[in-house]
2 protein chains.
Amino acid sequence: MVADGISAGTGSYETPPSVAFLVSRVGFEVSSQLAAGLAPLGIEPRDFGLLRAIAQTEGESQRSIGQALSIPPSRMVTLIDDLERRRLVRRRPQPSDRRAHALYLTPAGKRLLDKAADVAMRIEMTLCAGLAPAEREELLGLLGRLAEGAAPPGVHPALAGAGRE
Amino acid sequence: MVADGISAGTGSYETPPSVAFLVSRVGFEVSSQLAAGLAPLGIEPRDFGLLRAIAQTEGESQRSIGQALSIPPSRMVTLIDDLERRRLVRRRPQPSDRRAHALYLTPAGKRLLDKAADVAMRIEMTLCAGLAPAEREELLGLLGRLAEGAAPPGVHPALAGAGRE
DNA sequence: TATTGTTATACTCTATAACTATA
DNA sequence: TATAGTTATAGAGTATAACAATA
């Protein structure tokens, strides 16, 4: 099970009216839902992130993608090994640098990525089911402003762990 | 480092305009900030949650608090051992049932809990610094409605992990 | 016989460092 | 000598199951 950390002590004990607390709590729930929704597809949230990254930068080297996602090289080996074994990703030799492996999605990988995106979309719809379209827009705007202010300028380390830091 | 899971693949690659994604991303950031802010106090988010739970149910048994937070008994032993070694928590025999240990905060534990609450409050203030008071209220309301709809009825398993699932 | 706390153990996840093959 | 990928290894964190004392 994924584990959040900040929502710690939620339970039946207390529910401080704090944005930080609520965001963390809902974020945790959403993470769990994503993991549960992805499980039938045989992948985890981190694989989803990896597949997306590969899809959007086809041909990039293993290390380069790992760096962008803050995944150390040795970990990338295991993760890509796994995806390659399932025929979702392929390592191809790079003519320009024979040390490097360029990563590509297989057709099966692309199909799976589409299915995973569907799962994510369904979660979004369920999550916002109680909100009017205008309310959802309002929420998106407010959260976006929080994200801008709070996030470190570059990439944030989200793929690294299993549950939640 | 704490790790979220759903925010996977954030990086420089993509930023879907999704509430689920944004909530998870910001929630992850907040968790990291809490961990960082608590570190100088010598505790982690899960300890914070545990201290709060004990503070609000003084005298409850170890098992009972563990159950409320979805922490297995064997894990509670280690966690409470740790807090007791630092003189933040005390186990006291229960006259009614000599198998059970009732948990109490020491004065030092209460002081530390106060400090931790300050840390959390500062994070909240920083997070919402860019929002007008009315906007923050709006956000609280919208998030509250998400939390109601998305959360399972009872307790949610947040204390289990280290950072974020 | 069931339950509280504990211990022992095994498993998963992850990162660090050493290694190889190229550059 | 530096870098891409790999392998080996060791550490942290966690859960499961066996155990002792008490109910």
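Excluded from the calculations below are hydrogen atoms, water molecules and symmetry mates; all remaining heavy atoms, backbone and side chain alike, are included. In what follows, every chain begins at residue 1, and chains take the letters A, B, ... in the order their sequences are listed.
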- [ ] Starting from P on C/dC13, measure out to CE on A/Met76 and report it in whole angstrom.
- [x] 17 Å
- [ ] Can you measure from CD (B/Glu137) to CG (B/Leu142) and round to the nearest 0.5 angstrom?
- [x] 11.5 Å
Task: Interatomic distance where CG belongs to B/Asp81 and C1' belongs to D/dG13 [whole Å] - done: 16 Å
Open item on the list: What is the separation between atom CG on A/Asp82 and atom C1' on D/dT6, rounded to the nearest whole Å?
Closed with: 16 Å
Open item on the list: OP1 or OP2 of C/dT6 versus the side-chain N and O atoms of B/Arg91: is any pair under 4.0 Å?
Closed with: yes
- [ ] Using whole Å, report how far CD of A/Gln67 lies from C1' of D/dT3.
- [x] 11 Å
TODO: Report the distance from atom CD1 of B/Ile80 to atom P of C/dT4, rounded to the nearest whole Å.
DONE: 16 Å
Report all interatomic pairs (protein N or O, nucleotide N or O of nucleotides 9-11 of chain D) with separations under 3.5 Å.
none

Task: Distance, nearest 0.5 Å, that separates OG1 of A/Thr78 from CE of A/Met76 - done: 10.0 Å
Open item on the list: I need the A/Ser61 OG to A/Gln94 CD distance, nearest 0.5 Å.
Closed with: 6.5 Å
Open item on the list: Can you work out whether A/Thr78 or B/Ala102 has the more 5'-proximal nearest nucleotide on DNA chain C?
Closed with: B/Ala102
- [ ] Measure from NE2 on B/His101 to C1' on D/dA20 and round the result to the nearest Å.
- [x] 12 Å
Open item on the list: Return a single string for nucleotides 18-23 of chain C, one symbol per nucleotide in 5' to 3' order, where B is base contact, S is sugar-phosphate-only contact and - is none, cutoff 4.0 angstrom on heavy atoms.
Closed with: ---BBS
TODO: Please check if the side chain of A/Ser31 supplies one atom and the backbone of A/Gly27 the other of a donor-acceptor pair under 3.5 Å.
DONE: yes
Task: Distance, nearest 0.5 Å, that separates NZ of B/Lys110 from CG of B/Leu112 - done: 13.5 Å
Task: Residue A/Val77, side-chain heavy atoms: nucleotide from D/dA4, C/dG5, D/dT6 that is nearest - done: D/dT6
Open item on the list: What I'd like to find out is whether the side chain of B/Leu22 reaches to under 4.5 Å of the side chain of A/Leu146, using heavy atoms alone.
Closed with: no
Open item on the list: Can you tell me which nucleotide in C/dT6, C/dT14, D/dG5 comes closest to the side chain of A/Arg75?
Closed with: C/dT14
Open item on the list: From CD of B/Glu60 over to C1' of C/dG5, roughly how many Å is that when rounded to an integer?
Closed with: 16 Å
Open item on the list: Please report the distance, rounded to the nearest Å, between CD1 in A/Ile71 and C1' in C/dT16.
Closed with: 17 Å
TODO: Looking at every strand, decide which applies to B/Ser61 at a 4.0 Å heavy-atom threshold: base, sugar-phosphate, or nothing.
DONE: sugar-phosphate
TODO: Determine, for B/Arg136 against B/Glu124, whether the closest basic-nitrogen to carboxylate-oxygen distance falls under 4.0 angstrom.
DONE: yes
Show the distances under 3.5 angstrom between N or O atoms of the protein and N or O atoms of nucleotides 17-19 of chain D.
none

Open item on the list: Tell me whether B/Asp82 contacts the main-chain N or O of B/Leu79 through its side chain, where contact means a donor paired with an acceptor under 3.5 Å.
Closed with: no
- [ ] For the pair B/Ser18 (side chain) and B/Phe21 (backbone), establish whether a donor and an acceptor sit closer than 3.5 Å, ignoring hydrogens and angles.
- [x] yes
Task: Separation between CG of B/Leu50 and CD1 of B/Ile43, rounded to the nearest 0.5 Å - done: 10.0 Å
- [ ] Give a yes or no answer on whether the side chain of A/Ser32 reaches the backbone of A/Phe28 with a donor-acceptor pair at less than 3.5 Å.
- [x] yes
- [ ] To the nearest 0.5 Å, tell me how far A/Lys115 NZ sits from A/Phe48 CZ.
- [x] 14.0 Å
